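In this text the structure is predicted, and so the values were computed from the model without any measurement. One is the number of the first residue; the rest follow in order along the sequence. For the numbers below, each heavy atom of this structure counts, side chains included, while hydrogens, waters and symmetry mates do not.
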Amino acid sequence: MTPKLAPTDVHADHEALLKNEKMLEYLKTERRFSAEMLEKLQIGCVEQGGYEWFSFPIFDEHGECKFKKLKKPPTGPKLQDKGMVYPSGRKAMLYPLPLFDEAAEDILIGEGEPDIIAARSIGLHAFCGTAGAKTFDREWFSLLKRGKVRRCHLCMDHDETGRAATAMLIELLLEHCPEWEISIVAWPEGFPEKGDLTDFLRQHGGDNPAGSLLSLMRRYLPPSPQERLRSELRENSGMHILPVQAFHEGVAYYTVPLQHRSETALYTVTSKREIFPCTPEAFADRKLSILRLPLLDTSRWNQAKLLDYCEGKEAISLGDIFNVLSEMVLKSYVDLPDSRHYNCITLWIIATYFYRIFHAFPYLHLYGEFHSGKTKVLQIAVLLSFNGEMLTSTTAAALVRLIHFNGATCGIDEAEKLENDRDEAAATLLEILRCGYKKGATVPRCESDGESSFKVVRYDPYSPKVIAGTKPLENALSSRCIQVVMLRSKNHQVANREVNVGATDWADYRSLLYAAALSSFKDVQTALLETTFEEVIGREAEIWRPLLVVAKVVDPSGELFQEILTLAKESQALRQQEEEDSATPKVITCLYELLKGKEREFIPAETIFEALLAHDEEFAWLNDPKFKNNRGKWLNRTLKKINLWSGPARLKSVYGEKKKGYILEASKLLEIADRYSVPLAPSPSEAVTSVTDSSLPFL
């Protein structure tokens, strides 16, 4: 049964306050309550639940006490709540209703009963709601409009809640009391954040406290359409984030689907151990907006373990989960020829949980013969990585959507199928893979708007990807990869152990990874800012940086960092060797020799072909009759690619015979050679056929 308040209870509380000199003095001195208001509003003190409280009885318009709001005194212990309602569960009311003066032309709406009593103690006709700043029932306006009110002064606390409450009240006043003049308090410069009406009276009240407070009021004028538009645009100019995986202002966010009331819905978990619905409204409360909602339907984080994390259970460290995955998992399933690759793959898996921190993220390329364990490593990487998806057979449209919405770590098996020049779908997939290792690229698609027209939609292809195949990848894609060469295992126990994708162990490992990543992401961000390495440069530095940064956090001793850095340097040296063996450096060297030390020279294409044939047997195909019609296009493309020429070849007369060729400049060749790290001899050693015609203009 709900307790009933009798007038004698309220009076007894008030009498108790009058006898308590310490509490009475506090209310008069610190809270600025007048003796008249203490009496009229029957402010008291009471013991409840073993604690002493100030008592603020809440009366209706007929003077009947409906409930009491109890507030903690300044001397209350830490365990005591700041306030409570007795009896609980009562509907909010306008305070103080019995003191409404129908003759008053001005009212002040403030925040909290103590501020209202302080305002009334200096003669202001003040009111508030009893359920907080953001609660103001529309019915209360009908009570206030019974009198002669013409002006309403809004005096909420100097904080975000107060500013939000002011905006809400303005909307309500414009709707229900459009004839009233509205003014808003403009707190003085230097007034503390979270300061309130009573703080102002203590600091700036002076001899005329009511006048001092009213002098701060500034009349509210409805904004013009332009001002309203700018205001709305400013409100929506907050940071847009991808909730599936985001890191913003010291907070990490992951979104997962969870079961709630027999339905699956998206929830966001943060490094502050919060959990809230992944909705635009919930993010707006945090001054963020959702760039796009994920399309997840299955949670990869065990729901019970997720709740353990949110409730404060200690998370495993990145170092511990690294050891578990490298030693207990990978080594149980595969036999890698280079033992350092166990650590390399494990770091890559962990780094997928931070991939949006980095501007570029490497692909993992598992390369080897049949039965070398490529598919097993691919399965393990997909099972453990962030939002892993195994794509045995997929379209470009499905792939780019999985990445765009879910930030999926994509596992692509049998990558040799991508080399099929006649397969348009394979070519499209290859293009997506080429651009998807780095932030900033988009994949445009023309899609129906559901009616009769189409629109261009741009998808984000950036995400981690692991690729397995028996053939080398084409150069552009290979340069985005960390390659792991795999051999058939001689350990039959390891070779015969199959990956049971339905085992619950994988979900347990992922749950550890999620919690460890959220707990450690600030360390990863710090390491990203502090980690430098000069031994690896350019593209190689881009793709190895995530692993090197995570290695710093996993192993503070630096030993793991040095191991991965050594792998990175070996990879860089191998790529440089491959580039030196490619056609471009040989073409640069051959062209420089053709110049014979001259600064500028027209050299016929036929002369270049002859020199290339003599320079290296790699160019033997230039003599093949079936390629004769294509070699001119090849040379033109090659010269354009290294910025030695633009446009079609020049046609000039050489000893009376018209020949196509190119004007080459030694200074430009030297500059290009430097960029490609091609060493050039100071002067050529052999004479060649060439023509100089300085009378003709060079383009």
Side-chain angles (χ1 to χ4, degrees), residues 344 348 360-369 374 396 399 410 412-438 440-441 443 461-486 536-545 547 567-591 612 615-622 627 630-631 633-645 672-678:
C344 181
W348 187 89
F361 199 89
Y363 299 161
L364 194 63
H365 179 211
L366 309 171
Y367 172 51
E369 289 295 332
K374 301 183 303 301
L399 175 69
C410 299
I412 301 171
D413 203 0
E414 299 179 2
E416 51 271 13
K417 293 179 180 178
L418 297 173
E419 297 295 316
N420 188 348
D421 294 335
R422 297 181 180 180
D423 187 341
E424 186 176 340
T428 305
L429 278 171
L430 194 57
E431 285 300 320
I432 292 172
L433 293 174
R434 284 174 184 151
C435 67
Y437 86 104
K438 196 171 185 176
V443 178
Y462 176 56
S463 81
K465 300 169 186 72
V466 53
I467 304 168
T470 58
K471 293 182 179 180
L473 298 174
E474 54 96 24
N475 290 341
L477 182 56
S478 177
S479 68
R480 283 113 167 114
C481 297
I482 291 174
Q483 188 180 82
V484 176
V485 176
M486 303 191 65
V536 188
I537 60 173
R539 174 73 57 79
E540 212 70 34
E542 268 188 337
I543 66 173
W544 285 94
R545 181 172 283 107
L547 272 63
L567 269 177
K569 290 192 289 186
E570 290 175 7
S571 172
Q572 178 174 258
L574 181 61
R575 287 192 216 272
Q576 287 176 344
Q577 181 62 46
E578 290 173 350
E579 288 175 3
E580 288 173 6
D581 292 338
S582 71
T584 299
K586 295 173 184 177
V587 170
I588 292 171
T589 302
C590 186
L591 293 176
L612 288 172
H615 185 79
D616 196 287
E617 62 182 13
E618 178 183 340
F619 300 104
W621 66 272
L622 293 170
F627 293 122
N630 292 325
R631 62 183 189 172
K633 292 180 180 179
W634 169 82
L635 180 58
N636 189 272
R637 285 197 304 267
T638 300
L639 296 181
K640 286 178 179 177
K641 185 171 66 175
I642 57 178
N643 201 33
L644 283 175
W645 189 257
I672 296 298
D674 184 52
R675 287 179 180 272
Y676 281 83
S677 301
V678 178

Inset, instruction - Go through Q572 and I537 one step at a time and tell me if the side-chain contact (heavy atoms from CB on, under 4.5 Å) criterion holds. - result: CA-CA 8 Å; Q572 178 174 258; I537 60 173; 3.7 Å; yes
Legend entry - Chi angles and distances behind the side-chain contact (heavy atoms from CB on, under 4.5 Å) call for I412, L433: CA-CA 10 Å; I412 301 171; L433 293 174; 3.7 Å; yes
Inset, instruction - List the steps, then state whether side-chain contact (heavy atoms from CB on, under 4.5 Å) holds for S571 with E540. - result: CA-CA 8 Å; S571 172; E540 212 70 34; 2.6 Å; yes
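N475 CG: 12 or fewer foreign heavy atoms inside a 6.0 Å radius.
Expressed to the nearest 0.5 Å, how far OG1 of T589 lies from OH of Y676 amounts to 13.0 Å. Taking CZ of R675 as the reference point, atom CG of N643 lies at 8.5 Å (rounded to 0.5 Å). Distance check: L622 CG to N630 CG gives 11.0 Å after rounding to the nearest 0.5 Å. To the nearest 0.5 Å, atoms SG (C344) and CG (L364) are separated by 6.5 Å. Between atom CD1 of residue I482 and atom CH2 of residue W544 there is a gap of 4.0 Å, rounded to the nearest 0.5 Å. How far CG of L635 is from CG of L639: 4.5 Å, rounded to the nearest 0.5 Å.
Nearest approach of A583 to E618, heavy atoms of both residues: CB-OE2, 3.5 Å. Of all heavy-atom pairs spanning P461 and A441, the tightest one is CD-O, 3.2 Å. Across every non-hydrogen atom of P362 and I543, the tightest pair is CG-O, 2.9 Å. Between S479 and R575 the shortest heavy-atom distance is CA-NH1, 3.7 Å. Pairing each heavy atom of G436 with each of K465, the nearest pair is O-NZ, 3.2 Å. In terms of heavy atoms, W645 sits closest to N636 at CD1-ND2, 4.2 Å.
Y363 places a side-chain N or O within 3.5 Å of a backbone atom of Y437 that can act as its donor or acceptor partner.
For F619, there are no ring-ring contact (aromatic ring centres under 6.0 Å, His included) partners two or more places apart in sequence or in a different chain. Remark: R539 engages E542 in a salt bridge (Lys or Arg N to Asp or Glu O under 4.0 Å) (not counting sequence neighbours). Not counting sequence neighbours, the partners of E474 by the side chain to side chain contact (heavy atoms under 4.5 Å, CB included) test are E419, L430, R434, A476, L477. In terms of the side chain to side chain contact (heavy atoms under 4.5 Å, CB included) criterion, residue partners of A415 (sequence neighbours excluded) are, by chain and number, L418, I467, L473. In this structure R631 satisfies the side-chain hydrogen bond (donor to acceptor under 3.5 Å, both in side chains) test together with E606, sequence neighbours excluded.
The stretch residues 633-644 participates, sequence neighbours left out, in no salt bridge (Lys or Arg N to Asp or Glu O under 4.0 Å) pair at all.
Using a 4.5 Å cut-off on side-chain heavy atoms (C-beta onward), P472 and Q483 make no contact.
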